[in-house]
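Notes follow once the structure below has been shown.
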Protein chains: 2
Amino acid sequence: MRKLTSTNAINEASLVRNCGVVYALTLIGGRWKPTLLFSLLGGTMRYNQLLKSIPGISERMLAAQLRELEKDGLVKRTVYAEVPQRVEYELTALGMSAAPLLRTMSEWGNSLRERP
Amino acid sequence: MRKLTSTNAINEASLVRNCGVVYALTLIGGRWKPTLLFSLLGGTMRYNQLLKSIPGISERMLAAQLRELEKDGLVKRTVYAEVPQRVEYELTALGMSAAPLLRTMSEWGNSLRERP
DNA sequence: TCTCATACTTACTTTTTTGTCAGTCCCTTA
DNA sequence: TAAGGGACTGACAAAAAAGTAAGTATGAGA
């Protein structure tokens with residue numbers, strides 16, 4: 001749970017306000033978010049499909065990160081009135097707009113990995 | 001302190017290994033790192049100068065984030081044999097190479113901020 | 001010897017994030 | 001009536017990140 005009046009929260013809020021990078025990090029910086037975004041760049045996926053395709057992720061974290069991405073408008077969640085239940089996740093236009101950024105980050109990261 | 005055998009650490013390590021984005025986030029994702037990088041993009045700065053120019057940062061966090069940036073090769077620390085002590089921080093070539101990425105992130109972040 | 005400036009450390013607490021795991025809800029078919 | 005699939009949720013615990021405050025190191029000059 002977040003404590004809005006902690007120094008930590010206040011510092012973070014102020015950094016987010018003043019810095020687009022920090023704000024971007026709140027959107028894509030969660031433990032499993034880059035992986036989720038990459039998965040969804042490949043197309044729409046169901047909850048269980050994501051769960052099985054991402055090694056190590058727990059249901060709680062999957063649901064939590066998806067909820068955040070949805071709240072931030074990067075991901076759209078669609079429930080189909082079927083049995084058994086079917087819920088699909090896909091990137092919104094905003095989510096798609098992260099693709100170039102993810103690519104840039106990935107390239108920069110990988111280039112820094114290979115060094116003496 | 002880090003506990004190398006926690007599920008958390010294992011998950012993180014595996015994500016870092018498989019994903020350049022996650023690796024990039026370990027380099028620039030700390031609370032104060034984007035701000036520090038932006039400050040240092042403006043040129044060499046001393047410890048106290050950074051401390052005073054970044055509202056809210058504590059000495060512990062400043063020193064810690066600088067040490068991480070230095071360990072990762074993004075920042076160079078130079079000690080001058082003077083009295084009183086003088087320590088300067090500047091970006092390395094690797095640190096400079098983050099500039100386009102920071103700009104991209106900043107633009108993406110700021111563009112997402114303005115929405116209905 | 002005492003104080004000063006600069007640049008940190010260290011020990012400890014609080015806050016936040018992540019992980020574990022059992023339980024829920026909604027129908028449907030046996 | 002029970003079992004089953006799919007998609008979660010909740011309570012609690014562990015780990016990690018961040019914050020607080022006081023202390024250390026160094027040599028210079030009063």
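In what follows, every heavy atom counts, from backbone to side chain, and hydrogens, waters and symmetry copies are set aside. Chain naming here is simple, since letters A, B, ... match the order of the sequence lines and numbering starts at 1 in each.
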- Check the distance between dG6(D)'s C1' and Gln85(A)'s CD and give it to me in whole angstrom. 6 Å
- Task: With DNA chain D as reference, determine whether Arg67(A) or Glu12(B) sits nearer its 5' end, using the nearest nucleotide of each.
- Result: Arg67(A)
- Close side-chain approach of Pro34(B) to Met105(B), heavy-atom, < 4.5 Å: no
- Query: Rounded to the nearest Å, what distance is computed from the CZ atom of residue Arg77(A) to the P atom of nucleotide dA7(D)?
  - Reply: 10 Å
- Query: With a 3.5 Å cut-off and just heavy-atom distances, do the side chain of Arg60(B) and the base of dG19(D) make a donor-acceptor pair?
  - Reply: yes
- Quickly work out the Glu59(A) CD to dA11(D) C1' distance and round it to whole Å. 16 Å
- Task: Mind calculating the distance between CE (Met61(A)) and P (dT9(D)) to the nearest angstrom?
- Result: 14 Å
- Gap separating the NZ atom of Lys52(B) from the OH atom of Tyr47(B), nearest 0.5 angstrom: 11.0 Å
- Query: Does dA16(D) have OP1 or OP2 sitting under 4.0 Å from an N or O in the side chain of Ser6(B)?
  - Reply: yes
- Message: Is the shortest side-chain heavy-atom distance between Asn18(B) and Thr35(A) below 4.5 Å?
- Response: no
- Query: Within this structure, what is the CD-to-P distance between Glu82(B) and dG29(D), rounded to whole angstrom?
  - Reply: 12 Å
- When all nucleic acid strands are considered with a 4.0 Å heavy-atom cut-off, which category describes Ala9(A): base, sugar-phosphate, or nothing? sugar-phosphate
- Task: Give a yes or no on whether the backbone of Lys33(B) and the side-chain of Gln65(B) come within a donor-acceptor separation of less than 3.5 Å.
- Result: yes
- Message: Below 4.0 Å from chain A heavy atoms, what is the first contacting nucleotide of DNA chain C and what is the last?
- Response: dT15(C) to dT28(C)
- Message: Could you tell me if the side chain of Val21(B) sits less than 4.5 Å from the side chain of Leu37(A), heavy atoms only?
- Response: no
- Task: Nearest whole angstrom, please: distance from the C1' of dA17(D) to the CZ of Arg2(B).
- Result: 10 Å
- Sorted by number, residues from residues 25-32 of chain B placing a heavy atom under 4.0 Å from DNA chain C are none
- Item | Side chains of Pro100(A) and Thr104(B) in contact at under 4.5 Å (non-hydrogen atoms) | no
- Query: In whole angstrom, what separates Arg86(B)'s CZ from dG27(D)'s P?
  - Reply: 16 Å
- For the atom pair OG1 (Thr92(B)) and CG (Leu69(B)), what is the distance rounded to the nearest 0.5 Å? 9.5 Å
- Would you mind reporting whether Leu74(B) and Leu112(A) have side-chain heavy atoms less than 4.5 Å apart? yes
- Does Ile57(A) reach the side chain of Leu51(A), with side-chain heavy atoms less than 4.5 Å apart? yes
- Side chains of Leu50(B) and Leu40(B): does their closest heavy-atom pair fall under 4.5 Å? yes
- Pro84(A) has a side chain; which of dG5(D), dA7(D), dA11(D) sits nearest to it? dG5(D)
- Message: Over all strands shown, is Tyr89(B) touching base, sugar-phosphate only, or nothing at heavy-atom distances under 4.0 angstrom?
- Response: sugar-phosphate
- Query: How many angstroms lie between atom CE of Met61(A) and atom CG of Leu66(A), to the nearest 0.5 angstrom?
  - Reply: 10.5 Å
- Indicate whether OP1 or OP2 belonging to dT20(D) is found under 4.0 Å from a side-chain N or O atom of Thr7(A). yes
- Query: Tell me, do Leu15(B) and Glu12(B) make a side-chain contact under 4.5 Å, heavy atoms counted?
  - Reply: no
- Message: Within residues 40-58 of chain A, which residues have any heavy atom lying less than 4.0 Å from an atom of DNA chain C?
- Response: Ser58(A)
